[in-house]
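The chains referred to below are lettered A, B, ... by the order of the sequence lines, with proteins before strands, and numbering in each begins at 1.
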Protein chains: 2
Amino acid sequence: MLDDVIKKDTSCHDCKDISCAAAVLNVQELGLVNANSHESFLKKGEVILHEGSLTSHIIYLKTGLAKEYIKHSGEKEQILQIVKKHTYLGLPSLFGDRINHYSYAALEDCTICYIDISMFNNLIKMNGNFAYEILVSTSRDNLNNFNRFLHQSQKKIFGRVADALLYFSRIIYETTQFELPFPRQEFADLIGVSRESATRVLIKFKSEGIIDLKGRSITIVNVDLLEQISQNG
Amino acid sequence: MLDDVIKKDTSCHDCKDISCAAAVLNVQELGLVNANSHESFLKKGEVILHEGSLTSHIIYLKTGLAKEYIKHSGEKEQILQIVKKHTYLGLPSLFGDRINHYSYAALEDCTICYIDISMFNNLIKMNGNFAYEILVSTSRDNLNNFNRFLHQSQKKIFGRVADALLYFSRIIYETTQFELPFPRQEFADLIGVSRESATRVLIKFKSEGIIDLKGRSITIVNVDLLEQISQNG
DNA sequence: TCCCGAATGTGTTTATTGTCACATTATTAA
DNA sequence: TTAATAATGTGACAATAAACACATTCGGGA
């Protein structure tokens, strides 16, 4: 995998996929980032980062889609969230104990940047505005995830499936017609139910005209009803 | 409640309950904190902070014990964590959208400090080391909670009760003999099961000699077994 | 001391969802 | 094109824990 690591052909200064936080850096600081980072490409399905590994670099998802997940007792997989481009991976872990607590794998072909960790830390300590931006983005991210999770845990299976569909529609793809990036099993892993149950509910939703379903392609027909189902648990 | 807010009789400079983050501040910065904060006392049971309220001040739990919780559909209460002294309440919310996402209530008599929010933000932007400390502590806190939650969601009721007992023993009270700070209902709310089920499991554990149980007083007799039950789900 | 309400314990019933076993349908590679 | 494999759908059954209904105990005034 290390062979994939190459010097970026574009500099950070004119990167179209720069993070919100990095946008507050000045030219000199950005030069530092540029000199201490590398770009890499990953194919769909490849693992980006393994839980348990020591944090050696900050990883920034420049383009593509990934899943954040953990394995329970080496078997059952739990997907924590779908990560969109322009996101740092594993930041919360970074500032905790320096061990990555979650794994990440590419759901689409991805471009990622490895950023030197001590340089990143220096930036935080040097530039309070940068620190603040990082704080805001990790906080928001955490809050969103935790909330999604909290509410999920109170819901029955219909509510959970409805939630997941709205999640994809609103947060991930921002359209009512989309293609699930993974098989049913992983859809089930995202909402914490069995594959069979998830399947059954999807089919029920289809038969009731709430969604249109063909393989992995989904169209949300009745958002209001879905919203209601999500609310009522 | 605002009547309780009084000027601190001790200054922040010689506060014995100062936070880890504030420990990196210099005398001048500490003076700023001192000039922009107030102390308040709360009795057991009183609400410190309501979910949904706008963040007007940072709240620091100087002494005492509190619970962090949310209400689901105005009815069921879910306790997210027990908060020990020397902790900022609701920091993750602060940097997100300025709305408190969780409620806090005193489980014991508490002393809290209200700290002016804009001054706090300025400190972060002025002092990178302070920002870094805040980042570390919020990250660690988040990670711990999230992890506890993730693992809980995979466990059956026996594992959950075992978890909670170990949580109190190791994290909260740091001894094998302790007094639950709340009734069975709230113990159940913490682990996300019904009161009846929680009761039953506690009694089962007692009958099997794993714990000693008398009202709210609990002694952990067989830590290893409890650990095993927690592991095996 | 007694009374009252809250907290706790207990048996039974019921709803929900996971598991198992297998049929069917896609997808991929030879 | 076909064989092999993965993904998906479906029915029957079992396990788990919630809900309900009520008995018992506890704790703090009057």
Side-chain angles (χ1 to χ4, degrees), chain A residues 43-45 67 72-73 75-79 105 107 151-165 179-208 211-218 229-230 232-233, chain B residues 43-45 67 72-73 75-79 105 107 151-165 179-208 211-218 229-230 232-233:
Chain A
K43 285 221 186 315
K44 175 175 173 170
K67 64 174 177 180
H72 288 289
S73 54
E75 258 301 309
K76 264 189 292 190
E77 178 172 312
Q78 175 158 26
I79 298 181
L107 292 175
H151 289 115
Q152 182 173 104
S153 75
Q154 292 301 110
K155 286 176 184 170
K156 301 209 207 351
I157 198 166
F158 284 82
R160 291 187 180 201
V161 173
D163 263 9
L165 292 173
E179 195 90 3
L180 282 180
F182 43 42
R184 294 286 186 275
Q185 180 64 62
E186 288 177 59
F187 182 78
D189 292 339
L190 176 65
I191 60 178
V193 301
S194 71
R195 177 188 60 79
E196 293 93 326
S197 297
T199 290
R200 269 186 260 265
V201 174
L202 283 175
I203 289 171
K204 188 94 189 294
F205 281 177
K206 181 185 181 181
S207 77
E208 293 181 351
I211 60 170
D212 217 20
L213 177 68
K214 194 170 186 188
R216 296 184 187 178
S217 161
I218 292 179
I229 293 169
S230 160
N232 298 340
Chain B
K43 287 222 185 316
K44 175 175 174 171
K67 65 174 177 181
H72 287 289
S73 54
E75 257 302 309
K76 266 189 289 192
E77 179 171 312
Q78 175 158 25
I79 297 180
L107 292 175
H151 289 114
Q152 182 174 102
S153 74
Q154 293 301 112
K155 285 176 185 171
K156 300 209 207 351
I157 198 164
F158 284 82
R160 290 188 179 200
V161 173
D163 263 9
L165 292 173
E179 194 90 3
L180 284 180
F182 43 42
R184 294 286 186 275
Q185 180 63 61
E186 288 177 58
F187 181 78
D189 292 340
L190 177 65
I191 60 179
V193 301
S194 71
R195 177 188 59 81
E196 294 93 323
S197 297
T199 290
R200 269 186 260 264
V201 174
L202 283 174
I203 290 171
K204 188 96 189 291
F205 282 178
K206 181 186 181 179
S207 77
E208 291 181 353
I211 61 170
D212 216 20
L213 177 68
K214 195 170 186 189
R216 295 185 186 177
S217 160
I218 291 178
I229 293 169
S230 160
N232 298 340

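With B:Asp163 as the fixed residue, the side chain to side chain donor-acceptor pair (under 3.5 Å) test singles out one of B:Lys155, B:Gln152, B:His151: B:Lys155.
Taking only distance into account, the side chain of B:Arg200 meets the base of C:dG11 through a donor-acceptor pair shorter than 3.5 Å.
For the OP1/OP2 pair of C:dG9 and a distance below 4.0 Å, the side-chain nitrogens and oxygens of B:Thr199 include at least one atom meeting the criterion. For the OP1/OP2 pair of D:dA19 and a distance below 4.0 Å, the side-chain nitrogens and oxygens of B:Ser194 include no atom meeting the criterion.
For the pair B:Lys156 NZ and D:dA17 P, the computed distance is 7 Å after rounding to whole Å. For the pair A:Arg184 CZ and C:dA26 C1', the interatomic distance rounds to 12 Å; values are reported in whole Å. In this entry the distance linking CD of B:Glu186 with P of C:dA6 reads 15 Å, nearest Å. In this structure, CD1 of A:Ile157 is placed 17 Å from P of D:dA18, rounded to the nearest angstrom. B:Ile218 has its CD1 atom 11 Å from the P atom of C:dT8, to the nearest Å. Distance, A:Lys214 NZ to C:dA26 P: 9 Å, rounded to whole Å. The CD-P distance, from A:Gln185 to C:dG18, rounds to 11 Å in whole Å. A straight line from CG of B:Leu213 to P of C:dA7 spans 17 Å, rounded to a whole angstrom.
Contact between B:Ser230 and B:Ala162 at its shortest, heavy atoms only, is N-CB, 3.9 Å. Residues B:Arg216 and B:Pro183 come closest through the heavy atom pair NH2-CB, 3.4 Å.
Side-chain proximity of A:Ile203 to D:dA17, D:dT8, D:dG9: nearest is D:dG9. Taking the side chain of B:Arg195 as heavy atoms from C-beta on, and the options D:dT8, C:dT17, C:dT8, the nearest nucleotide is C:dT8.
Along DNA chain C, the nucleotide nearest A:Lys155 and the nucleotide nearest A:Glu196 are compared for position; the residue whose nucleotide lies closer to the 5' end is A:Lys155.
In this structure, CZ on A:Phe182 lies 8.5 Å from CG on A:Asp189, to the nearest 0.5 angstrom.
The residue B:Arg216 sits close only to the backbone: its heavy atoms come under 4.0 Å of sugar-phosphate atoms, none of a base.
Judged purely by atom type and a 3.5 angstrom limit, A:Arg184 has no side-chain atom pairing as donor or acceptor with the backbone of A:Thr199.
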